[in-house]
Participant: 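Pasting a structure here, questions to come.
Each chain gets a letter, A, B and so on, in the order its sequence line appears, and its residues count up from 1.
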Protein chains: 2
Amino acid sequence: MESTVVSTSTQAPDEFDRNVPRICGVCGDKATGFHFNAMTCEGCKGFFRRSMKRKAAFTCPFNGSCTITKDNRRHCQACRLKRCVDIGMMKEFVQYSRGLHMDPSPPILFL
Amino acid sequence: MESTVVSTSTQAPDEFDRNVPRICGVCGDKATGFHFNAMTCEGCKGFFRRSMKRKAAFTCPFNGSCTITKDNRRHCQACRLKRCVDIGMMKEFVQYSRGLHMDPSPPILFL
DNA sequence: GACAGTTCATTCCGTTCA
DNA sequence: TGAACGGAATGAACTGTC
């Protein structure tokens, strides 16, 4: 009989983040899964990708320490992006996934 | 608590190779046996076969020296595949396009 | 039992468009 | 901006063969 190993209190440290609640780490909205390495909602996922792709540079109109919530997340892009980075979202995972950097069949490409 | 089941300590020398711990040499996850010539988990087994069949060419979005773990293995295909090869997984053990052609080289086994 | 291949639900990416 | 969506990659569970 194989003992069914359920997620118990004895978890390896690196398994920890797989069990985080489905709450967006950026704004607290309902999260839909891991996006660019962090548990986030669809909104913050899209916001982060857009920001990275266009290499956006935002400036906080306040004092640079806004608390981001589901309702005010659109108000300060600077602090929202900062929060994204703080919780671990990584630009390296934008644009570089799922076959984009993968050669088609024969490697007869750009030389 | 998960009891760490290690293979019996006293083994004949010639069984040494087959007696490596059931830990995936690529990511450290629980291994299910030898796959394509190396002790790996089901995930890395499937990843290696798919990569070979599709002749994928990956590029590391970081510096090419990612440490692969059970939890981040999906993040860098380049380093994961590199690790597969490093621990001895061989493409020759992967069956290519069914029916089109057989193994290009004979099985290479412990001589 | 060991290890090939196969299946398919799930994860998570980019795109679309209101 | 973000909900909805289509699709590729993943991996646990499975079948087939020796």
Side-chain angles (χ1 to χ4, degrees), chain A residues 2 4-6 17-20 22 24 26-27 29-54 56 58 68 70-77 80-81 84 89-104, chain B residues 7 15 17-20 22 24 26-54 56 58 61 68-78 80-81 84 88-100 102-103 107 109-110:
Chain A
E2 185 107 17
T4 307
V5 179
V6 192
D17 40 67
R18 284 284 132 187
N19 288 330
V20 302
R22 307 291 269 199
C24 178
V26 176
C27 71
D29 193 4
K30 180 180 185 300
T32 56
F34 281 91
H35 301 295
F36 311 110
N37 203 47
M39 178 62 70
T40 74
C41 64
E42 284 297 303
C44 293
K45 158 195 159 186
F47 169 76
F48 185 75
R49 186 183 43 259
R50 263 182 255 118
S51 299
M52 292 302 108
K53 292 189 72 170
R54 70 185 49 154
F58 303 117
I68 309 300
K70 168 178 166 46
D71 294 315
N72 73 8
R73 67 191 180 198
R74 258 173 268 87
H75 298 164
C76 179
Q77 298 172 305
R80 188 184 191 180
L81 182 54
C84 285
M89 296 183 82
M90 294 194 278
K91 64 177 187 306
E92 285 81 2
F93 294 142
V94 177
Q95 181 75 270
Y96 293 105
S97 41
R98 309 282 185 236
L100 279 181
H101 53 281
M102 192 187 79
D103 292 350
Chain B
S7 17
E15 292 180 28
D17 287 320
R18 292 278 135 185
N19 238 21
V20 301
R22 307 291 271 198
C24 177
V26 176
C27 70
D29 193 5
K30 180 179 184 300
T32 57
F34 281 89
H35 301 295
F36 310 110
N37 201 48
M39 178 62 69
T40 74
C41 64
E42 284 297 304
C44 292
K45 159 193 161 185
F47 171 75
F48 185 77
R49 187 186 43 256
R50 281 191 300 270
S51 298
M52 291 304 105
K53 295 189 72 166
R54 158 199 323 161
F58 304 115
I68 308 300
T69 68
K70 167 177 166 48
D71 292 304
N72 73 12
R73 66 191 180 198
R74 262 173 267 86
H75 292 333
C76 182
Q77 299 169 306
R80 187 184 191 180
L81 182 55
C84 285
M89 296 182 82
M90 296 193 281
K91 64 178 187 302
E92 288 78 10
F93 286 25
V94 177
Q95 168 186 111
Y96 291 92
S97 321
R98 290 192 300 166
L100 286 182
M102 288 285 94
D103 294 10
L109 290 178
F110 316 92

Participant: Cation-pi check for A:Phe36 against A:Arg49: NZ or CZ below 6.0 Å from the six-membered ring centre and within 45 degrees of the axis, yes or no?
Facilitator: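 Relative to the ring axis of A:Phe36, which defines the angle, A:Arg49 lies outside at least one limit.
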Participant: Restricting to side-chain hydrogen bond (donor to acceptor under 3.5 Å, both in side chains), what partner residues turn up for A:Glu42, sequence neighbours left out?
Facilitator: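 With sequence neighbours excluded, A:Glu42 shows a side-chain hydrogen bond (donor to acceptor under 3.5 Å, both in side chains) to A:Thr32, A:Lys45, given in chain and number order.
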Participant: State which of D:dG11, C:dA4, C:dC12 makes the closest approach to the side chain of B:Phe93.
Facilitator: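 Shortest atom-to-atom distance from the side chain points to C:dA4.
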Participant: Atom CG of A:Asn37 to atom P of C:dT11: distance rounded to whole Å?
Facilitator: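 Going from CG in A:Asn37 over to P in C:dT11 covers 16 Å.
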Participant: Expressed as a whole number of angstroms, how long is the span from B:Phe47:CZ to D:dT10:P?
Facilitator: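 Distance check: B:Phe47 CZ to D:dT10 P gives 6 Å.
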Participant: For A:Arg73, give me all partners under salt bridge (Lys or Arg N to Asp or Glu O under 4.0 Å), at least two apart in sequence or on another chain.
Facilitator: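 For A:Arg73, the residues satisfying salt bridge (Lys or Arg N to Asp or Glu O under 4.0 Å) (neighbours in sequence not counted) are A:Asp29.
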Participant: Does the side-chain contact (heavy atoms from CB on, under 4.5 Å) test come out yes or no for B:Leu81 and B:Met52, once each step is laid out?
Facilitator: CA-CA 10 Å; B:Leu81 182 55; B:Met52 291 304 105; 3.7 Å; yes
Participant: Do the side-chain N or O atoms of A:Lys53 get closer than 4.0 angstrom to the phosphate oxygens (OP1, OP2) of C:dT15?
Facilitator: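 Yes.
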Participant: If you compare all heavy atoms of A:His35 against all heavy atoms of A:Thr40, which two are closest, and at what distance to 0.1 Å?
Facilitator: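 So the minimum-distance heavy-atom pair works out to CD2-OG1, 3.2 Å.
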Participant: Tell me the interatomic distance from B:Asp71, atom CG, to D:dT10, atom C1', rounded to whole angstroms.
Facilitator: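 That distance rounds to 14 Å.
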Participant: B:Gln77 has a side chain; which of C:dA4, D:dT1, D:dA9 sits nearest to it?
Facilitator: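 Given the options C:dA4, D:dT1, D:dA9, the side chain of B:Gln77 is closest to D:dA9.
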Participant: Rounded off to whole Å, could you give me the CZ-to-P distance for the A:Phe34 and D:dT10 pair?
Facilitator: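 Rounded to the whole Å, the gap is 17 Å.
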Participant: Rounded to the nearest angstrom, tell me the gap between atom CZ in A:Arg54 and atom P in C:dG14.
Facilitator: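 Answer to the nearest Å: 14 Å.
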Participant: Measure from CG on A:Leu81 to C1' on D:dT1 and round the result to the nearest Å.
Facilitator: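 About 15 Å, once rounded to whole Å.
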Participant: With sequence neighbours excluded, what pairs up with A:Lys53 under the salt bridge (Lys or Arg N to Asp or Glu O under 4.0 Å) test?
Facilitator: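 Salt bridge (Lys or Arg N to Asp or Glu O under 4.0 Å) check on A:Lys53 returns nothing, list empty.
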Participant: Rounded to the nearest Å, what distance is computed from the CZ atom of residue B:Phe36 to the C1' atom of nucleotide C:dA4?
Facilitator: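 Taking atom C1' of C:dA4 as the reference, CZ of B:Phe36 is at 7 Å.
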Participant: Below 3.5 Å is the cut-off: list the nitrogen or oxygen pairs between protein and nucleotides 12-15 of chain D, distance only.
Facilitator:
from   : atom 1 : to      : atom 2 : distance (Å)
D:dA13 : N6     : B:Glu42 : OE1    : 3.4

Participant: Report the residues that fulfil side-chain contact (heavy atoms from CB on, under 4.5 Å) with A:Arg74, sequence neighbours left out, ordered by chain and then residue number.
Facilitator: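 Applying side-chain contact (heavy atoms from CB on, under 4.5 Å) to A:Arg74 gives none.
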Participant: Separation of B:His35 atom NE2 from C:dA2 atom C1', in whole Å?
Facilitator: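 My rounded result for the distance is 9 Å.
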